[in-house]
Amino acid sequence: MEHDDRPPVATFFAAGPFAAGTVATLGESQAHHARVKRLEEGDVVRLTSGAGIVATGSIVALHKSAVNVMVQRVERADERPSVHLRVPIGDRERMLWLAEKATELGIASWQSVRFRRSASVSPRGEGAAFAEKIRARMVSAIEQSAGAWLPEILPETTADSIDVDPSALRVVLDVAGAPLLEVLAREPARGAVLLFGPEGGFDASESTALATAGWVGARLAPTTLRFETAGVAAVAITRAAHLANLTREG
């Protein structure tokens with residue numbers, strides 16, 4: 001089979017599995033995406049499964065409700081990013097924006113956390129229907145950024161039961177903490193779980209629960225940041241620090 005070495009002109013999310021020499025059929029949403037981008041038969045595209053498998057192929061048929069792609073090459077991406085995000089349930093649009101940008105930067109998982117001082121926010125981003133919107137925004141983000149990993153969306157929780165990988169560094173953003181880069185440098189090989197609360201901060205019981213669970217305070221700036229700003233900045237700094245560490249090790 002011939003391989004087309006032209007760069008892909010678009011990326012589509014598809015569950016797979018992909019196999020070289022077979023035709024992958026994409027659905028109506030991808031067909032709409034292809035029409036919007038004015039793609040044609042013969043154009044080279046990338047397919048991403050969201051689970052680390054990436055394929056490259058050419059469009060062989062473009063219909064109103066489907067796109068057929070002849071798969072030419074299948075590759076496995078680097079391991080899933082070792083950055084996990086735990087975010088306060090807050091304004092819906094701001095949470096969706098954060099989910100999109102965090103996915104572009106590369107996170108392994110997302111979990112929404114209920115904090116008492118954000119309980120009155122309206123409209124809040126919570127519930128099963130909103131989780132589907134988060135996922136859809138993440139899918140769009142990996143297509144836009146040509147990413148290979150779709151973050152795992154964990155069930156909503158409270159401050160005393162946050163899901164944490166036991167081997168990961170637990171970092172809570174706190175203006176009184178040490179600089180984030182300094183905290184990350186203490187154990188550069190570990191993955192990180194990044195947590196931040198609502199702009200009103202944690203209440204006393206939540207602070208106690210986090211301290212008891214071993215969360216380490218870290219700051220981004222001397223000012224109070226909006227939660228979506230804090231989330232994007234924390235992920236970007238952590239990913240950059242991890243990439244720098246991998247470069248040094250390599």
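Sequential numbering from 1 along the given sequence is applied to the chain's residues. In this text, all values refer to a predicted model and were calculated from it rather than measured experimentally. Just the heavy atoms: all of them, side chains too, but no hydrogens, waters or symmetry mates, feed the values below.
Summarising the local packing, CD of Glu41 is surrounded by more than 12 heavy atoms from other residues, nucleotides or ligands at distances under 6.0 Å. The local environment of NE2 in His63 is crowded, with over 12 non-hydrogen atoms from other residues, nucleotides or ligands closer than 6.0 Å.
Under the 4.5 Å side-chain heavy-atom criterion for Ile, Leu, Val, Met, Phe, Trp and Tyr, Leu62 and Phe13 are members of distinct hydrophobic clusters. Under a hydrophobic clustering in which Ile, Leu, Val, Met, Phe, Trp and Tyr are joined whenever their side-chain heavy atoms come within less than 4.5 Å, directly or via other members, Leu181 and Val175 fall into different clusters. At a threshold of 4.5 Å between side-chain heavy atoms, the hydrophobic network of Ile, Leu, Val, Met, Phe, Trp and Tyr places Val121 and Phe227 in two separate groups. Under a hydrophobic-cluster definition in which Ile, Leu, Val, Met, Phe, Trp and Tyr are linked whenever side-chain heavy atoms come within less than 4.5 Å, directly or via other members, Val183 and Leu85 are assigned to the same cluster. Side-chain heavy atoms closer than 4.5 Å link hydrophobic residues (I, L, V, M, F, W, Y) into clusters, and following such links, possibly through other members, connects Leu169 to Leu220.
Note that CD of Glu132 is 7.5 Å distant from CD1 of Ile153, once rounded to the nearest 0.5 Å. Rounding to the nearest 0.5 angstrom, the gap separating the CG atom in Asp160 from the OG atom in Ser205 is 8.5 Å. Taken from CD in Glu75 to CG in Asp78, the straight-line distance is 10.5 Å, to the nearest 0.5 Å. To the nearest 0.5 Å, the span separating CG on Leu98 from CZ on Arg226 amounts to 12.5 Å. From Gln144, atom CD reaches atom OG1 of Thr11 across 9.0 Å, with rounding to the nearest 0.5 Å.
The side-chain heavy atoms of Val45 and Leu39, taken from C-beta on, include a pair separated by under 4.5 Å. Annotation: side chain of Arg86 is not in contact with side chain of Phe196 (no heavy-atom distance under 4.5 Å). The shortest distance between side-chain heavy atoms of Arg35 and Lys64 falls below 4.5 Å. Proximity of Ser49 to Val54: side-chain heavy atoms (C-beta onward) are nowhere separated by under 4.5 Å. Considering only heavy atoms from C-beta on, Met95 comes within 4.5 Å of Trp110 through its side chain. Annotation: side chain of Arg135 is in contact with side chain of Leu150 (closest heavy-atom distance under 4.5 Å). Contact of the Gln111 side chain with the Glu156 side chain is not registered, since no non-hydrogen atoms from C-beta on lie closer than 4.5 Å. Two residues are said to be in side-chain contact when any heavy atoms from C-beta on lie closer than 4.5 Å; Leu173 and Arg219 fail this criterion.
Of the possible donor and acceptor atoms, none in the side chain of Ser161 sits under 3.5 Å from a partner among the backbone N and O of Thr157. Listed for the Arg76 side chain is no donor-acceptor partner under 3.5 Å among the backbone atoms of Ile53. For the pair Thr22 (side chain) and Ala19 (backbone), a donor-acceptor distance under 3.5 Å is present. For Gln30 (side chain) and Ala66 (main-chain N/O), no donor-acceptor pair under 3.5 Å exists by modelled atom type. Between the side chain of Arg170 and the main chain of Val216, no donor-acceptor pair closer than 3.5 Å is present. Side-chain atoms of Ser145 come within 3.5 Å of backbone N or O of Ala141 as a donor-acceptor pair.
Closest approach of Val74 and Val71 over heavy atoms only: CG2-CG1, 3.7 Å. Nearest heavy-atom pair across Ile89 and Arg124 is CG2-CD, 3.9 Å. Nearest approach of Val83 to Gly106, heavy atoms of both residues: CB-O, 4.3 Å. Scanning all heavy atoms of the two residues, the minimum distance from Ala31 to Ser65 falls at CB-C, 4.0 Å. Pairing each heavy atom of Arg6 with each of Gly42, the nearest pair is NH2-O, 2.6 Å. Across all their heavy atoms, Ala159 and Glu206 have their closest contact at CB-CG, 3.9 Å.
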Run the salt bridge (Lys or Arg N to Asp or Glu O under 4.0 Å) test on Arg46 and Glu143 for me, step by step, so that the C-alpha distance in whole Å, both residues' side-chain angles and the decisive distance to 0.1 Å come before the verdict. CA-CA 9 Å; Arg46 179 187 288 106; Glu143 290 182 332; over 6 Å; no
Taking it one step at a time, do Leu47 and Leu26 satisfy side chain to side chain contact (heavy atoms under 4.5 Å, CB included)? CA-CA 10 Å; Leu47 307 179; Leu26 313 183; 3.8 Å; yes
Go through the steps to decide whether Ser82 and Arg190 satisfy the test side chain to side chain donor-acceptor pair (under 3.5 Å), and finish with yes or no. CA-CA 8 Å; Ser82 54; Arg190 294 177 67 183; over 6 Å; no
Go through the steps for Val67 and Thr25 under the test side chain to side chain contact (heavy atoms under 4.5 Å, CB included), then give the verdict. CA-CA 6 Å; Val67 180; Thr25 300; over 6 Å; no
Verdict with reasoning, Val23 to Val69, per side chain to side chain contact (heavy atoms under 4.5 Å, CB included): CA-CA 5 Å; Val23 174; Val69 177; 6.0 Å; no
List the steps, then state whether side chain to side chain contact (heavy atoms under 4.5 Å, CB included) holds for Glu40 with Ile59. CA-CA 7 Å; Glu40 301 175 346; Ile59 295 177; over 6 Å; no
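Checked against Leu96 for a side chain to side chain contact (heavy atoms under 4.5 Å, CB included), the options Arg137, Lys101, Met138 give a single hit: Arg137.
The other residues sharing a hydrophobic cluster with Phe202 are Val113, Phe115, Ile162, Val164, Val172, Val193, Leu195, Leu210, Trp215, where clustering joins ILVMFWY side chains under 4.5 Å apart.
One finds no salt bridge joining Glu93 and Lys133 here, because no Lys/Arg side-chain nitrogen approaches an Asp/Glu carboxylate oxygen to under 4.0 Å.
Counted by atom type alone, Ser58 and Gln72 present one or more donor-acceptor pairs between their side chains at under 3.5 Å.
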